Student: 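The following block contains the structure, expressed as structure tokens.
Chain A is the first sequence line, chain B the second, and so forth, proteins listed ahead of strands; every chain is numbered from 1. None of the values given here were measured: they were computed from a predicted structure.
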Number of protein chains: 2
Amino acid sequence: MLMIDERSKKILCAIVENYINLPDPVGSRTVAKGHPLGLSPATIRNIMADLEEMGLLTQPHTSAGRVPTDRGYRLYVDSLLLERGSTDIERIQEIYLNLETLRDNIDILLVETSKAISMVSHYLGIAMSPKPNVTTLNKIELFKYKSDKLAAILFTDEGMIKNKLLSLDSEITQKDLNRIASYLNSEFSGYTLDEIRLKILKEMSREKTMCDRLISRAIRICQEALSFPFGDLFVSGLSEVLELPDFADLQKIKELSRAIEEKHTIIKLLDKLADLDGVQIIIGSENSMDEMKKFSVVVSSCKEDGRPVGVVGIIGPTRMNYLKAISIIDNTAKFITRMLGER
Amino acid sequence: MLMIDERSKKILCAIVENYINLPDPVGSRTVAKGHPLGLSPATIRNIMADLEEMGLLTQPHTSAGRVPTDRGYRLYVDSLLLERGSTDIERIQEIYLNLETLRDNIDILLVETSKAISMVSHYLGIAMSPKPNVTTLNKIELFKYKSDKLAAILFTDEGMIKNKLLSLDSEITQKDLNRIASYLNSEFSGYTLDEIRLKILKEMSREKTMCDRLISRAIRICQEALSFPFGDLFVSGLSEVLELPDFADLQKIKELSRAIEEKHTIIKLLDKLADLDGVQIIIGSENSMDEMKKFSVVVSSCKEDGRPVGVVGIIGPTRMNYLKAISIIDNTAKFITRMLGER
DNA sequence: ATTAGCACTCTACTACGGAGAGTGCTAAAA
DNA sequence: TTTTAGCACTCTCCGTAGTAGAGTGCTAAT
């Protein structure tokens with residue numbers, strides 16, 4: 001662990017906050033003036049030199065001011081989490097009101113949530129629907145559609161409805177479909193999709209010994225119906241972040257847009273964090289994915305009765321207003337949880 | 001109409017093609033060398049001066065080569081459409097094979113189609129699902145869900161399935177729901193969603209005179225169920241176009257990303273073109289939306305029995321390889337149409 | 001009608017130099 | 001021992017100047 005006294009920490013935080021407001025390297029004079037610590041620029045220079053030695057600050061070049069490193073941001077954020085205040089909640093509340101009207105469609109709700117986050121934060125807003133391993137099947141309904149097709153409608157306890165068209169290999173009546181559906185419901189309702197997948201695999205392994213043709217068919221249909229991309233990721237606000245001076249450079253924009261389009265890397269990242277409680281923060285190089293090493297991520301999972309129902313977050317430059325970001329994400333996560341909890 | 005002789009046209013096309021390959025202003029020497037027209041640079045200079053006077057070319061500055069204007073591209077494209085050849089179909093076919101597997105879910109199919117288009121074209125790929133005015137209701141199913149909610153599942157003739165959760169204001173049995181559903185189906189099946197909306201409005205105006213409580217409830221449910229954002233737009237390939245030198249400038253990237261996020265402007269644009277047959281091309285300033293005046297659009301609607309089932313297209317710089325773009329879009333539209341037609 | 005020749009124009013690139021901001025170091029002060 | 005003042009030094013930023021090169025328009029010859 002890093003040894004650092006209170007005064008140095010204050011100066012580090014002052015530099016970080018200064019840099020967040022204005023992306024120019026921060027000099028000793030600026031710190032001395034802006035924060036009434038009763039220290040002269042010279043003293044502060046000494047401390048800054050120490051902080052640099054510790055790897056918390058860097059200079060873009062000799063004789064520029066200092067800029068926080070990722071580790072510098074980390075220390076700042078950690079000290080922030082201990083005593084964080086609430087930021088402009090009013091603005092957010094207003095936007096939440098509009099989201100209320102969308103509660104009945106979780107996908108659209110999440111899209112709009114990601115947009116809302118990007119609007120208030122001016123960073124990328126992200127929202128992800130629950131992953132199959134934690135999604136519980138409420139019921140399944142089956143319909144004939146156009147003679148040779150079958151529509152499977154999946155309801156989850158979390159309020160998601162997913163549908164999938166399946167091609168039928170042989171004729172079947174709606175009556176049989178109803179029987180299949182009620183069999184599947186009695187068998188699988190209340191289990192998570194991952195559990196169901198496991199059960200299906202087991203069933204299939206002894207399928208040959210089973211002679212009930214209908215059941216074996218039911219199993220097959222259910223398996224196909226479950227092969228669905230749960231865990232959708234919605235990202236909004238690219239034009240928002242392009243306004244930031246941090247993205248003046250084309251290379252960085254390219255990296256970010258690649259990261260956005262390669263959604264599965266972000267999904268993988270969020271998956272890791274979905275189980276944890278509270279607001280999680282990943283700063284620049286702490287990120288394990290190469291595409292994301294220049295950006296910071298602030299996320300929180302939305303949990304209902306300890307069961308995650310989604311993830312919301314922010315992606316932005318390492319020079320992010322973490323205080324604001326944390327507050328927004330914390331509030332949004334709680335709001336979504338509350339809203340979905342009322343269903 | 002513009003008067004222009006065959007030789008000038010050849011030179012214009014030569015300049016456009018040259019510029020498409022390499023985004024540098026084209027000089028008279030280059031044209032003389034690259035295209036064996038048997039003319040000297042000086043002659044070509046004269047013709048280029050004429051073309052500039054006609055508004056088909058411009059110079060970035062006095063002593064640079066020439067660059068096509070939007071009107072220049074237009075002439076090039078028009079002469080192209082008369083005698084167009086087929087381009088690298090093989091590559092496209094290969095990608096189409098993967099799309100085949102997705103035919104059962106139209107939304108995912110369209111997402112993947114837009115990705116495929118961007119991959120082969122290296123421009124933005126766009127795909128849009130049918131608009132409600134041309135979407136025909138096949139059937140509607142209603143379910144109780146968690147005691148106080150109602151799930152409405154809409155099937156369209158085009159193979160789309162949409163679902164919507166509605167909150168119930170008062171208790172209702174599944175039996176009643178079934179009766180409502182079969183009433184709605186007998187009444188509305190086979191009509192386009194827009195037609196149904198009209199019918200509903202009519203019904204509601206005389207609702208007061210009707211005493212069948214169930215029917216009035218059915219009408220209300222149906223109305224809510226139809227308030228669905230059909231006509232989704234999918235855009236892919238931002239990181240693809242960022243590699244183009246045309247987007248070296250930050251301002252242009254911002255405009256493009258704004259255009260992408262403000263999907264409704266693009267949707268409006270595509271709506272206008274959805275009714276037309278064949279490949280439609282809009283070049284730069286021909287575009288009525290401000291956000292799009294710096295980009296070109298190549299689109300084609302996918303029609304099944306004269307009824308549009310979607311729109312596919314490309315958005316790119318005005319300096320676009322129109323020949324390739326046209327070929328890709330034409331083929332993709334035909335492929336999608338054929339695939340959906342087989343259902 | 002076409003071409004060769006030539007002067008002209010404009011950009012892109014490099015080099016130079018001064019202003020300004022911020023540093024590190026040293027020596028004095030607290 | 002810690003803090004501060006002073007000062008020389010370093011590096012970026014920005015404007016100016018000068019040059020090479022590409023491409024033009026015009027004129028006169030073919």
Side-chain angles (χ1 to χ4, degrees), chain A residues 3-12 14-19 21-69 72 245-246 248-250, chain B residues 3-12 14-16 18-19 21-69 72 245-246 248-249:
Chain A
M3 280 304 296
I4 183 169
D5 63 293
E6 207 48 44
R7 198 180 62 174
S8 305
K9 204 150 139 188
K10 273 214 178 93
I11 287 175
L12 173 67
I15 291 171
V16 172
E17 270 161 19
N18 223 299
Y19 187 63
N21 287 328
L22 197 79
D24 290 330
V26 184
S28 52
R29 255 182 62 90
T30 317
V31 178
K33 277 198 173 176
H35 294 256
L37 297 165
L39 293 174
S40 74
T43 314
I44 290 175
R45 270 205 295 281
N46 288 328
I47 298 171
M48 282 163 83
D50 295 345
L51 290 172
E52 179 162 10
E53 216 168 312
M54 288 187 246
L56 303 171
L57 296 176
T58 35
Q59 297 179 283
H61 54 86
T62 344
S63 107
R66 256 82 171 198
V67 163
T69 62
D246 310 71
D249 134 58
L250 189 61
Chain B
M3 280 303 297
I4 183 169
D5 64 290
E6 208 49 42
R7 198 180 60 175
S8 306
K9 203 150 139 186
K10 273 216 179 91
I11 288 175
L12 173 67
I15 292 172
V16 171
N18 223 298
Y19 189 63
N21 287 329
L22 197 81
D24 290 330
V26 184
S28 51
R29 255 181 62 90
T30 317
V31 178
K33 276 198 173 176
H35 293 255
L37 297 164
L39 293 174
S40 75
T43 314
I44 290 175
R45 271 206 294 283
N46 289 328
I47 297 171
M48 282 163 83
D50 295 345
L51 290 172
E52 178 162 13
E53 215 169 313
M54 288 188 246
L56 301 173
L57 296 176
T58 35
Q59 296 178 284
H61 54 85
T62 330
S63 85
R66 255 81 170 198
V67 164
T69 63
D246 310 70
D249 136 58

Student: Does the D:dG21 base have a donor-acceptor partner in the side chain of B:R29 within less than 3.5 Å?
Tutor: no
Student: Please tell me which of the listed nucleotides, C:dA21, C:dG24, D:dG23, lies nearest to the side chain of A:R66?
Tutor: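 Of all the options, the side chain of A:R66 is nearest to C:dG24.
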Student: Picking from C:dA21, D:dT4, D:dT24, which would you name as closest to the side chain of A:N46?
Tutor: D:dT4
Student: What's the closest nucleotide to the A:H61 side chain, out of D:dT24, C:dT9, D:dT12?
Tutor: D:dT12
Student: Please confirm whether the backbone N or O of A:G55 pairs with a side-chain atom of A:T69, one donor and one acceptor, at under 3.5 Å?
Tutor: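 Yes; at least one donor-acceptor contact below 3.5 Å.
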Student: Would a 4.5 Å heavy-atom cut-off, applied to side chains only, mark A:L56 and A:I4 as touching?
Tutor: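 SC-SC contact between A:L56 and A:I4 confirmed.
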Student: Counting side-chain heavy atoms from C-beta on, which of C:dC25, C:dT3, D:dC11 comes nearest to B:A42?
Tutor: C:dT3
Student: Could you check whether B:A64 gets within reach of a base, just the sugar-phosphate, or nothing at all, counting any heavy atom under 4.0 Å?
Tutor: sugar-phosphate
Student: Below 3.5 Å, does any donor atom in the side chain of B:S63 face an acceptor in the base of D:dT24, or the other way round?
Tutor: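 Result: no qualifying N/O pair found.
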Student: Report the distance from atom CD1 of A:I44 to atom C1' of C:dG24, rounded to the nearest whole Å.
Tutor: 16 Å
Student: Output the single nucleotide from C:dT9, C:dG24, D:dG25 whose closest atom is nearest the side chain of B:T62.
Tutor: C:dT9
Student: In whole Å, what is the span from the CD atom of A:E52 to the C1' atom of C:dG24?
Tutor: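 Roughly 11 Å, once rounded to whole Å.
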Student: Nearest to the side chain of A:R7, which nucleotide is it out of C:dG22, C:dT3, D:dT3?
Tutor: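 Side chain of A:R7 sits closest to D:dT3.
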Student: Output the single nucleotide from D:dT24, D:dT10, C:dG24 whose closest atom is nearest the side chain of B:S28.
Tutor: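 So the nucleotide nearest the side chain must be D:dT24.
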Student: Between C:dT9, D:dT4, C:dT2, spot the one nearest the side chain of B:T43, thanks.
Tutor: C:dT2
Student: Expressed in angstrom and rounded to an integer, what is the separation of A:L39 atom CG from D:dT4 atom C1'?
Tutor: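 Taking CG of A:L39 and C1' of D:dT4, I get 10 Å after rounding.
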Student: Check every atom of C:dT11, D:dT10, D:dA5 against the side chain of A:S40 and return the nucleotide holding the closest atom.
Tutor: D:dA5
